[in-house]
Every structure is written in C-alpha cells, then in structure tokens.
Peer 1: 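Right, I'll just put the structure down here and ask away after.
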Amino acid sequence: MSTQGGVESSHPQVRATAIPAREKVKFYQVGSYAVGNRLAEEQMRSVQSDPNRYNSLTSGHRACQGCGEALGARYALDTAMRATDRDMVAVNATGCLEVFSTPYPETSWTIPWLHSLFGNAAAVASGAAAAFRAKGKKTRVVAQGGDGGTVDIGFGPLSGMFERNDDVLYICYDNQAYMNTGVQRSGATPPKARTATTQPVGDEPGNEWGKGKDLPRIAMAHEIPYVATATVADLRDLEYKVNRAMQFHGARYIHVLVPCPLGWGSASSITVKLARLAVQTGIFPVYEAEYGEVTSVMKLRRPTPVEEYLKLQRRFAHLFKGGGDEEAIRRIQAGADRNIRRYNLVDDEDYDLATEHFVEFEEARYGFRKPIEEEEEQASESGATEQTASAPATSEYSASSQTVADGADNVKAGEGAGMSDGQGN
C-alpha cells in the first residue's frame with residue numbers, strides 16, 4: 001500500500017524479472033548490463049558472446065545504420081536456435097526485416113526461413129507447426145514481423161493463432177510505424193508522433209490521442225501460455241525471454257521495442273540509449289505474463305521524465321518548438337505514469353508520482369474520468385475496493401481456472417524441447 005495525496009492506493013505486487021545470468025554476474029558498466037564475458041562462467045555468458053553461436057542473420061543485409069530491428073532479430077533467433085538445438089523454422093511477414101535481408105536472389109538468413117504475405121505470417125506459421133506435428137517431427141516454429149504486419153494487417157491471423165493455441169512463438173519487432181513503405185502511421189504509433197500520415201502541422205500536430213493498440217495486453221487477454229515485452233537495450237533480458245518462451249508449447253508472444261533512426265529521426269548511434277529511455281520513463285513497460293497473468297516486471301532503476309526520451313527524436317520535435325507544447329508532454333507523462341502504476345514498475349516505498357497525472361491520462365484517452373479520490377470513496381462506501389487485501393495481488397490479470405489447471409502440464413511438456421540455454425534454467 002502507498003499513500004498519495006492522503007489517499008491509500010494499491011498496486012499489483014509482482015516480482016522483478018529474475019534473470020539467472022544477471023543475478024550471478026557483476027555488471028560493472030552501470031545502466032547497460034554489459035560485462036566482459038571472459039570474466040564470467042561459461043554458462044553465464046550471453047548467446048551473442050559465443051563465437052560458435054548459430055549466426056541466424058549474417059552479414060550482407062541492407063538494414064540502415066543503427067537499425068534496432070536487425071539487432072533484435074539476430075539476438076532473438078540466435079537464442080531460439082540454441083534453445084531448440086538448431087531444429088527450428090522461421091516465418092517472416094513482409095516488412096523492413098524481410099526486405100533488407102532477402103533482396104532476390106540473395107539472403108542473409110542462414111536458417112530455414114519462409115516468407116509469404118504481409119498479413120499472414122501467423123497463419124503460415126500455424127500451418128507449418130501443424131505439418132511438422134502431422135509428420136511426427138519436433139521442429140519448432142518462430143514467426144516474426146514488424147508492428148504493421150502484426151498490430152494491423154496481420155492482427156486477424158495472429159488472434160486466430162492465439163485462440164487456437166497453436167505451437168508457435170510470434171515475435172513482433174515494434175518500430176512504431178510502417179517504416180519500409182515510407183514511415184506511415186501504424187496501430188503502434190505513439191500519440192503526437194510525426195509520420196508521413198500524421199504531419200506536425202495544424203492545431204493538433206502529430207498522431208492523434210486515443211488511437212492504437214496495446215498488443216501485449218491483447219495477447220494476454222487470450223490467456224496464452226506466455227507473453228513478454230523486451231527491448232534491444234537489454235540483451236540479457238531479451239535472450240532470457242526467448243529461451244523461456246521456447247520452454248512452453250502452445251501460442252507465445254514477445255513484443256520487442258526496436259528504435260528506427262530513419263523513422264524516429266534519431267542519431268544512429270543512440271538506438272540502444274533510446275530503447276533504454278523508453279523503459280526508464282515508463283513509456284514502454286517490460287514484463288512477463290503466463291496464462292493472462294503478469295508474473296514479473298522490469299523494475300525502474302532510475303525513473304526518468306519523458307522529455308529525456310522525446311527530445312532525442314525529430315518525430316517529436318514539434319513538441320519543443322515555439323515555447324513547447326507543455327500540455328502534450330504532460331499527457332504523455334501521464335500515460336507513462338499510468339504504466340508505472342499498472343505494472344508496479346516502481347516499488348511502493350519509492351512511488352512519488354503525482355496522482356493527477358493518472359487522471360489527466362484517463363481524461364485524454366476516454367474523455368472523462370472521476371477523480372481517483374471520489375472513486376475510492378464511493379468504492380469504500382459500497383464495500384468494494386480496487387483490490388482488496390484478500391484478493392490476489394495480480395487479480396487484474398487472473399487466468400481462467402482451466403488454463404491455470406493446464407499450466408503445469410503445458411510447461412512440463414515444453415521442458416526438454418531442444419537443448420535449453422543455461423541462463424534460462
């Protein structure tokens with residue numbers, strides 16, 4: 001429990017993500033989780049430090065300098081290849097990743113790799129998984145796409161994959177727009193961002209408020225075995241979550257934030273810095289969920305004002321010109337504060353965010369919301385609270401009784417599926 005403005009409020013109590021390699025290795029470079037791998041025990045080293053790793057996405061591709069998606073795909077698929085003992089097939093949606101890696105007749109992929117259409121990667125992956133099962137093979141399937149091919153065009157097949165609980169890991173590399181076709185707005189584009197279709201002009205410049213989809217939460221609503229978010233700023237975390245996902249059978253989803261220097265208007269040298277700031281401001285919460293229930297979060301080490309993240313990107317430059325748009329920045333901060341409250345990213349004893357930020361965000365998103373104090377008073381009078389002391393701490397994300405009952409069997413079925421990475425055990 002914490003007290004804000006004289007009002008007690010409860011936040012979901014979830015543990016910090018426990019990454020074995022991070023728990024046992026001393027990281028000397030503050031804020032980066034980097035370490036000289038030669039100083040660590042072999043089983044604690046990252047997949048990327050192994051000179052004999054399976055280099056899934058090799059040299060020769062045509063990604064832009066500083067491309068976060070190229071980093072994310074290499075990190076994720078190298079880890080998946082190790083976790084499956086190299087018995088894996090990747091299915092790719094149309095988008096930047098597909099275009100820059102496979103200009104016909106060339107390819108930078110060194111793994112079995114399929115491409116069909118922009119919106120059907122999940123459907124093709126489901127078919128591949130079914131074919132392997134029919135043939136009695138244990139080959140695993142990983143599907144991947146950008147936010148356009150995942151959040152928008154491919155949303156229907158993806159939801160179907162979730163609903164059927166097909167044995168596929170789907171990874172979304174989110175650069176928050178249709179970058180390959182000219183930086184058009186997608187369902188993952190943040191409010192006020194400049195794109196080719198949300199110009200920074202007029203009374204309300206940039207992307208409109210109240211639009212878009214929070215796909216990790218939508219995936220959680222399907223109560224599939226595993227959902228996680230990650231960024232290219234934390235290699236250990238991303239490798240851990242991909243390896244963890246491969247220990248399950250059934251539908252799994254990982255949403256990875258991959259900054260795009262071209263579309264975001266940022267320096268190619270600060271891709272990792274931007275991803276880290278997105279996490280530290282609360283704009284991009286990093287967490288794990290199993291069967292619809294949040295199980296761990298990445299606690300914020302240094303909560304940072306959103307301006308530190310926004311001012312490094314030209315897509316938000318209009319917010320700082322001519323005296324600045326303080327109202328827009330305050331509303332973006334309110335959204336970040338709401339994420340911090342929702343996922344308990346800051347421990348109660350350190351929680352000092354202004355309650356009115358949360359109210360402002362609710363008004364911006366939905367048009368109206370009663371002040372928190374009034375809501376809690378009414379709830380108290382009716383004998384109901386947002387989260388009672390006897391309720392589970394993560395009751396907002398409670399899975400159905402059937403999926404909870406099946407959870408242990410599903411995890412057990414996934415154990416031993418390939419040679420698991422030591423840092424995920």
Peer 1: What is the distance from atom OH of Tyr343 to atom CZ of Arg338, rounded to the nearest 0.5 Å?
Peer 2: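 Reported value, rounded in 0.5 Å steps: 9.0 Å.
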Peer 1: How far apart are the C-alpha atoms of Arg62 and Val99, what are their side-chain angles, what is the distance that settles it, and do they pass the side chain to side chain contact (heavy atoms under 4.5 Å, CB included) test?
Peer 2: CA-CA 8 Å; Arg62 303 178 185 184; Val99 170; over 6 Å; no
Peer 1: Report the C-alpha distance between Thr17 and Val286 in whole Å, list the side-chain angles of each, state the deciding distance to 0.1 Å, and finish with yes or no for side chain to side chain contact (heavy atoms under 4.5 Å, CB included).
Peer 2: CA-CA 9 Å; Thr17 304; Val286 174; 5.8 Å; no
Peer 1: How far apart are the closest heavy atoms of Ala93 and Glu98, and which atoms are they?
Peer 2: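 Closest heavy-atom pair between Ala93 and Glu98: O-CB, 3.4 Å.
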Peer 1: Flag the pair Ser46 / Arg236 as yes when at least one side-chain heavy-atom distance between them is below 4.5 Å, and no otherwise.
Peer 2: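 With C-beta onward as the side chain, the pair touches.
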Peer 1: Once the angle between the rings of Tyr309 and Phe316 is folded into 0 to 90°, is it parallel (under 30°), tilted (30 to 60°) or perpendicular (over 60°)?
Peer 2: tilted
Peer 1: Are any of the side-chain heavy atoms of Trp264 and Met179 separated by less than 4.5 Å?
Peer 2: yes
Peer 1: Could you tell me whether the side chains of Asp147 and Ser186 share a donor-acceptor contact shorter than 3.5 Å?
Peer 2: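 Checked: Asp147/Ser186 side chains pair up, N/O donor to acceptor below 3.5 Å.
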Peer 1: Please name the pair of heavy atoms, one in Gly187 and one in Asp152, separated by the smallest distance, quoted to 0.1 Å.
Peer 2: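 Heavy atoms only, the tightest pair is N-OD2, 2.9 Å.
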Peer 1: Any side-chain donor paired with an acceptor under 3.5 Å for Thr295 and Glu288?
Peer 2: no
Peer 1: If you count heavy atoms of other groups shown closer than 6.0 angstrom to CD of Gln199, is the number above 12?
Peer 2: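 Count over threshold, so yes.
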Peer 1: Verify whether one side chain among Thr102 and Trp109 offers a donor that lies under 3.5 Å from an acceptor in the other.
Peer 2: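 On atom types as modelled, these side chains do not qualify, holding no pair under 3.5 Å.
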Peer 1: Testing the basics here: between Pro103 and Phe100, what is the closest heavy-atom pair and its distance to 0.1 Å?
Peer 2: CD-O, 4.0 Å
Peer 1: Tell me, do Arg315 and Gln176 make a side-chain contact under 4.5 Å, heavy atoms counted?
Peer 2: yes
Peer 1: Give the minimum heavy-atom separation between Val232 and Ala275, together with the two atoms involved.
Peer 2: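 Smallest interatomic distance, heavy atoms only, reads CG2-CB, 4.1 Å.
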Peer 1: Less than 4.5 Å apart, side chain to side chain, heavy atoms only: is that true for Tyr178 and Ile153?
Peer 2: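 Yes, close enough: below the 4.5 Å cut-off.
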Peer 1: Roughly how far, to the nearest 0.5 Å, is CG of Leu77 from OG of Ser56?
Peer 2: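 One gets 5.0 Å once the value is rounded to the nearest 0.5 Å.
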Peer 1: Is it true that Arg244 and Glu290 have a side-chain N and a carboxylate O under 4.0 angstrom from each other?
Peer 2: yes
Peer 1: Please check if the side chain of Asn175 supplies one atom and the backbone of Val258 the other of a donor-acceptor pair under 3.5 Å.
Peer 2: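 Checked: no pair found.
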Peer 1: For the residue pair Trp209 and Ile332, establish whether any side-chain heavy-atom pair is separated by less than 4.5 Å.
Peer 2: yes
Peer 1: What's the spacing between Ile19 CD1 and Tyr240 OH if we round to 0.5 Å?
Peer 2: 7.0 Å
Peer 1: Going by distance alone, is a donor N or O of one side chain under 3.5 Å from an acceptor N or O of the other, for His249 and Asp167?
Peer 2: yes
Peer 1: Measure from the side-chain N and O atoms of Asn339 to the backbone N and O of Pro285, and report whether any donor-acceptor pair falls under 3.5 Å.
Peer 2: no
Peer 1: Would you say CZ of Arg164 has more than 12 non-hydrogen atoms from neighbouring residues, nucleotides or ligands within 6.0 angstrom?
Peer 2: yes
Peer 1: Taking Arg140 for the side chain and Met246 for the main chain, is one N or O donor matched with an acceptor at less than 3.5 Å?
Peer 2: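 A pair under 3.5 Å: yes.
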Peer 1: Does Asn344 offer a backbone N or O that forms a donor-acceptor pair with the side chain of Lys299 under 3.5 Å?
Peer 2: yes
Peer 1: Under the side chain to side chain contact (heavy atoms under 4.5 Å, CB included) criterion, do Ile329 and Phe320 qualify, and how do the steps go?
Peer 2: CA-CA 9 Å; Ile329 293 174; Phe320 300 93; 3.7 Å; yes
Peer 1: Counting N and O atoms only, with roles assigned by atom type, does the side chain of Thr281 sit under 3.5 Å from a partner on the main chain of Leu277, one being a donor and the other an acceptor?
Peer 2: yes
Peer 1: Under a 4.0 Å threshold between the charged nitrogen and the carboxylate oxygen, would Arg341 count as salt-bridged to Asp337?
Peer 2: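 Not counted as a salt bridge, because no side-chain N and carboxylate O are separated by less than 4.0 Å.
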Peer 1: Quick one: are Tyr287 and Ser296 in side-chain contact, heavy atoms under 4.5 Å?
Peer 2: no
Peer 1: Ignoring hydrogens and angles, tell me if any N or O in the side chain of Tyr54 forms a donor-acceptor pair with the backbone of Thr110 under 3.5 Å.
Peer 2: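 Yes, Tyr54 side chain to Thr110 backbone: donor-acceptor pair under 3.5 Å.
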Peer 1: CD1 of Ile218: more than 12 outside heavy atoms within 6.0 angstrom?
Peer 2: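 Above 12, so yes.
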Peer 1: Once side-chain contact (heavy atoms from CB on, under 4.5 Å) is applied, do any residues pair with Asn55, and if so which ones, sequence neighbours excluded?
Peer 2: Arg53, Thr58, Arg74, Asp78
Peer 1: Roughly how far, to the nearest 0.5 Å, is the CD atom of Gln144 from the OG1 atom of Thr150?
Peer 2: 9.5 Å
Peer 1: Are Pro205 and Arg194 side-chain neighbours, meaning at least one heavy-atom pair lies under 4.5 Å?
Peer 2: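 Side chain of Pro205 against side chain of Arg194, heavy atoms only: no contact under 4.5 Å found.
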Peer 1: With rounding to the nearest 0.5 angstrom, report the CD to CG distance, Glu69 to Leu57.
Peer 2: 10.0 Å
Peer 1: Any chance CD of Glu326 has more than 12 other-residue heavy atoms, nucleotides or ligands included, within less than 6.0 Å?
Peer 2: no
Peer 1: Do the non-hydrogen side-chain atoms of Lys192 and Leu310 ever get within less than 4.5 Å of each other?
Peer 2: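 Of all side-chain heavy-atom pairs linking Leu310 with Lys192, none is under 4.5 Å.
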Peer 1: Check the orientation of His255 and Tyr253. Use parallel for under 30°, tilted for 30 to 60°, and perpendicular for over 60°.
Peer 2: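 Rings of His255 and Tyr253: tilted, 30 to 60°.
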Peer 1: Restricting to non-hydrogen atoms, name the atom on Ser108 and the atom on His61 that form the minimum distance, rounded to 0.1 Å.
Peer 2: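 Looks like OG-N, 3.0 Å.
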Peer 1: Check whether any side-chain N or O of Ser266 sits under 3.5 Å from a backbone N or O of Thr271 as a donor-acceptor pair, and report yes or no.
Peer 2: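 Not at all, since once roles are kept as given, no pair shorter than 3.5 Å links the two residues.
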Peer 1: If I compare all heavy atoms of Ile111 with all of Ala90, which pair ends up nearest, and what's the gap?
Peer 2: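 The answer is CD1-CB, 3.7 Å.
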Peer 1: For the CD atom on Gln65, are there more than 12 heavy atoms of other groups (residues, nucleotides or ligands in this structure) within a distance under 6.0 Å?
Peer 2: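 Not more than 12 within 6.0 Å, no.
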Peer 1: Given 3.5 Å as the limit, does a donor-acceptor pair link the side chain of Glu239 with the main chain of Val47, or not?
Peer 2: yes
Peer 1: Check for a donor-acceptor pair, side chain of Arg252 on one end and backbone N or O of Ala245 on the other, with a separation under 3.5 Å.
Peer 2: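 Between the backbone of Ala245 and the side chain of Arg252 there is a qualifying donor-acceptor contact (under 3.5 Å).
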Peer 1: Between Asn92 (side chain) and His115 (backbone), is there a donor-acceptor pair under 3.5 Å?
Peer 2: no
Peer 1: Output the distance between atom CG (Asp87) and atom OG1 (Thr139), rounded to the nearest 0.5 Å.
Peer 2: 3.5 Å
